Amino acid sequence: MFDKIKQLQQMKEQMDAAKERLNHISVKGECKGVTVIANGNKKITEVIIAQSTFENGDKEEVAELIVLATNKALESAESVFESEMRGMAG
């Protein structure tokens, strides 16, 4: 039983270490002047909107660009996250 507890503790430590590494990995999604940056834990950390995006687009278009860029960033973050988890498993 002690071995199981020790094994679980080691797995928790590995998971905590992986989450910490993922916090320091940045990925971004871009779409026509909108950049969204996320970390490897799939958290949005920054949104950058070029001034020209406001000047050239209406409110709905800018909102759509934000959604598209966010989805791209989260897809990249998911790939990084899955890669990190596979690394832990094997």
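None of these values were measured; they are calculated from a predicted model.
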_Contacts of type side-chain contact (heavy atoms from CB on, under 4.5 Å), residue Gln51, not counting sequence neighbours_ =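 If we apply the side-chain contact (heavy atoms from CB on, under 4.5 Å) test to Gln51, skipping adjacent residues, the hits are Phe54, Glu55.
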*asked:* For Ala50, give me all partners under side-chain contact (heavy atoms from CB on, under 4.5 Å), at least two apart in sequence or on another chain.
replied: Ser52, Thr53
*For the residue pair Val27 and Ala77, what are the closest heavy atoms and their distance?*
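For Val27 versus Ala77, the nearest heavy atoms are CG2-N, 3.5 Å.
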*Hey, could you give me the CG/CD1 distance between Leu68 and Ile66, rounded to the nearest 0.5 Å?*
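Rounded to the nearest 0.5 Å, the CG-CD1 separation comes out at 10.5 Å.
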*Does any pair with a residue in residues 63-78 pass side chain to side chain donor-acceptor pair (under 3.5 Å), and if so which ones, sequence neighbours excluded?*
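Found Lys42-Glu78.
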*Can you pull the side chain to side chain donor-acceptor pair (under 3.5 Å) pairs that have at least one residue in residues 12-29, sequence neighbours excluded?*
Gln9-Glu13, Lys12-Asp16, Glu20-His24, Arg21-Glu84, Asn23-Asn39, Asn23-Asn41
*Among the clusters formed by ILVMFWY side chains lying less than 4.5 Å apart, do Met85 and Val80 turn up in the same one?*
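Same hydrophobic cluster.
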*Indicate if Leu65 and Val47 have the same hydrophobic cluster label, given that clusters are the connected sets of ILVMFWY residues with side-chain heavy-atom separations under 4.5 angstrom.*
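Per the 4.5 Å side-chain linkage, Leu65 and Val47 are co-clustered.
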*Please step through side chain to side chain contact (heavy atoms under 4.5 Å, CB included) for the pair Ile44 and Leu74, ending with a clear verdict.*
CA-CA 8 Å; Ile44 303 300; Leu74 291 176; 3.9 Å; yes
*Could you please spell out the steps behind the side chain to side chain contact (heavy atoms under 4.5 Å, CB included) verdict for Ile48 and Ile37?*
CA-CA 8 Å; Ile48 304 163; Ile37 300 172; 4.1 Å; yes
*Sequence neighbours excluded, which residues qualify as salt bridge (charged side-chain N to carboxylate O under 4.0 Å, His left out) partners of Lys32?*
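With neighbours one apart ignored, the set is empty.
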